[in-house]
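Note that the coordinates shown come from a computational prediction; the quantities given were computed from them, not determined experimentally.
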Amino acid sequence: MPRVTLRILYLHQHYSSPEGSMPTRSHGFAQALVARGHAVTMACGRYAGASTGLTGPFRRGRREGSRQGLHVVEFDIPCGNAMTLPARSAAFLRYAARATRLALGQHWDLIIASSTPLTVALPALAARKLRGTPFLFEIRDPWPELPRALGGVPRPLLAAMDRLATAACRRAAATVALSEGMAETALARGADPAHVHVVPNACDLDLFGPHIAPWRPEQAGPQECLALYAGAHGRANGLSTLLDAAAILRARGEKRLRIVLVGEGSEKPALMARAAAEGLANVTFLAPQPRAAIGALHAGCQIALHLLADIPAFAEWTAPNKLMDGLAAGRPVITNQPGRAARIVEDGPSGVAVPPGDAAALADALVFLAMQPAVREAMGAAGRRQAATRWDRRLLAEQFCEVAIGGALPLQPTPPKATGPLETDTWRRAPRAVADIGTRIRAPGVSVAPGTGSRFPKTFRMPPT
């Protein structure tokens, strides 16, 4: 089959280039599509900690430019984890409105809608209904399943998200989920099993690894073992347990460990205030850092931390970058999540799994790894092997490209036969009739239980020395 150049609109409100502190999955996958010769436009907002690399002024609420073949349209719509729910919801809807105009204003062969936020599906559904444009729906976090599990979201809003998620899963040409558990939520909503694919989070082996020059914060003593948490400081991350562990270590007189937290989020001011009030001198907070600096911090630390709040739904419905970054850096990972994360570190073995919310077990795991440099080295090497053989971003980007292009090519024009009239109206397959977006979608809400069968231990299991 001859190569077909596609015009692709990639919708990711929280997009960031490696110059920012946010994950760069969509950047890497978009660049992979560009490398295949496709014309890709990335449309995003202004997310706290993200960086598009664009520096010009906003005009009429947007700015745009091209870097390394990727065209970026950045809307002047601020958003961030520290904002209130109403403010974030307003930002989500504003972005959806601007992205809808972009989706309908030009011809696109494919739209990639990367959720969260779930409202990114609105422009994709509109383009499918009004222009017949196929779309790929990517589930980075399953909404509304996770917000429902976390709590605090009004029921009418959850009901609206249920309808939108169901419509997106059923009408997408392809659905990509970051874990098997997330894929199950799409199937439960009626997605075609033949068009549901799992492309997990990936490891960036260029930004993380033994070839990176290490960086240690100035507060760190030369003999201290550093345990690094690099990520969001929100309610879902459960970082109060980490401070509880720090308090336990201080009470034990443990001076070999320092906990370093880098990132931003709604809970960070309270966490910093608590650490100061309790005199937790073994805890260091850093501002958000560019991805290259995060790689250097991993090179300078001895332990990577992957932590979330004690919410059972997180076991199979999350795929955090923190775990992948630790593996890529060749650092042993302590995770407090059962299910998928525990299976990954146990398969290495590339780390230690402790129960969620158990500060004493977390403290024990930190001390164990601090006292066992040979175990740390062996686990780190196993993690790096996992990263290279299973989670290399270049390999997973190729899988994503195959899924994306496969979703668009069936809708491309078929060359006309040598004889007979040219019926251009039949070149594109007509879209199926759909209900009016946001008003007539009335599919019932679906509640899906997370996958079971995890090998996560009931109690903390110390690995053998």
Within-4.5 Å side-chain heavy-atom neighbours: [X] and [Y]:
X    : Y    : value
V345 : H306 : no
R25  : H12  : no
L286 : P217 : yes
R63  : P57  : no
L307 : T241 : no
L226 : R216 : yes
R394 : D206 : yes
R250 : V283 : no

Hey, are [X] and [Y] close enough for a salt bridge, meaning a charged N less than 4.0 Å from a carboxylate O?
X    : Y    : answer
R189 : E145 : yes
D162 : R148 : yes
E64  : R59  : no
R98  : D76  : no

Non-hydrogen atoms of [X] and [Y] that approach each other most closely:
X    : Y    : result
A304 : G326 : CB-CA, 3.8 Å
A48  : M22  : O-SD, 3.8 Å
C169 : I139 : SG-CD1, 4.4 Å
R46  : P78  : NH2-CG, 3.0 Å
Y15  : L70  : OH-CD2, 3.8 Å
A91  : I77  : O-CG2, 3.7 Å

Test side chain to side chain contact (heavy atoms under 4.5 Å, CB included) applied to V333 and I344, step by step: CA-CA 10 Å; V333 180; I344 289 174; over 6 Å; no

Quick one, E267 with R274, criterion salt bridge (Lys or Arg N to Asp or Glu O under 4.0 Å). Give me CA distance, side-chain angles, the key distance, then yes/no. CA-CA 11 Å; E267 300 295 306; R274 176 189 165 187; over 6 Å; no

Is it the case that the side chain of [X] and the backbone of [Y] share a donor-acceptor pair, with hydrogens and angles ignored and the cut-off at 3.5 Å?
X    : Y    : result
H38  : L6   : yes
T166 : R163 : no
W143 : T119 : no
D109 : R7   : yes
R393 : A202 : no
S114 : E138 : no
Q13  : L11  : no
S17  : S51  : yes
D325 : G295 : no
H233 : G231 : yes

Could you please spell out the steps behind the side chain to side chain contact (heavy atoms under 4.5 Å, CB included) verdict for E278 and L243? CA-CA 10 Å; E278 297 183 11; L243 294 193; 5.9 Å; no

Atom pair [atom1] ([X]) and [atom2] ([Y]), whose distance is rounded to the nearest 0.5 Å:
X    : Y    : atom1 : atom2 : answer
C401 : Q31  : SG    : CD    : 10.5 Å
T318 : I311 : OG1   : CD1   : 10.5 Å
L178 : N201 : CG    : CG    : 4.5 Å
L323 : R340 : CG    : CZ    : 7.0 Å
W108 : I8   : CH2   : CD1   : 10.0 Å
L362 : D244 : CG    : CG    : 9.5 Å

Walk me through it: do L205 and W391 pass the test side chain to side chain contact (heavy atoms under 4.5 Å, CB included)? CA-CA 9 Å; L205 301 181; W391 316 112; over 6 Å; no

For the pair H14 and F92, name the ring-plane relationship: parallel under 30°, tilted 30 to 60°, perpendicular over 60°.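 Correct class here is tilted.
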
Whether F208 and H298 hold their rings parallel, tilted or perpendicular, with breakpoints at 30° and 60°: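 Perpendicular, since the angle between the ring planes exceeds 60°.
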
Show, in sequence, the C-alpha distance, side-chain angles and deciding distance for Y229 and N237, and conclude whether the side chain to side chain contact (heavy atoms under 4.5 Å, CB included) test is met. CA-CA 10 Å; Y229 173 87; N237 305 105; 3.3 Å; yes

When S350 is tested against each of R331, Q386, R384 for side chain to side chain donor-acceptor pair (under 3.5 Å), which residue passes?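 With S350 as partner, side chain to side chain donor-acceptor pair (under 3.5 Å) holds for just one option, Q386.
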
Assess, by modelled atom type and distance only, whether the side chains of T284 and R258 contain a donor and an acceptor separated by less than 3.5 Å.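 Their side chains do contain a donor-acceptor pair, which is all the 3.5 Å distance test asks for.
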
Which residues pass the side-chain contact (heavy atoms from CB on, under 4.5 Å) test with P332, not counting sequence neighbours?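 Checked P332 against side-chain contact (heavy atoms from CB on, under 4.5 Å); matches are L369, R376, M379.
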
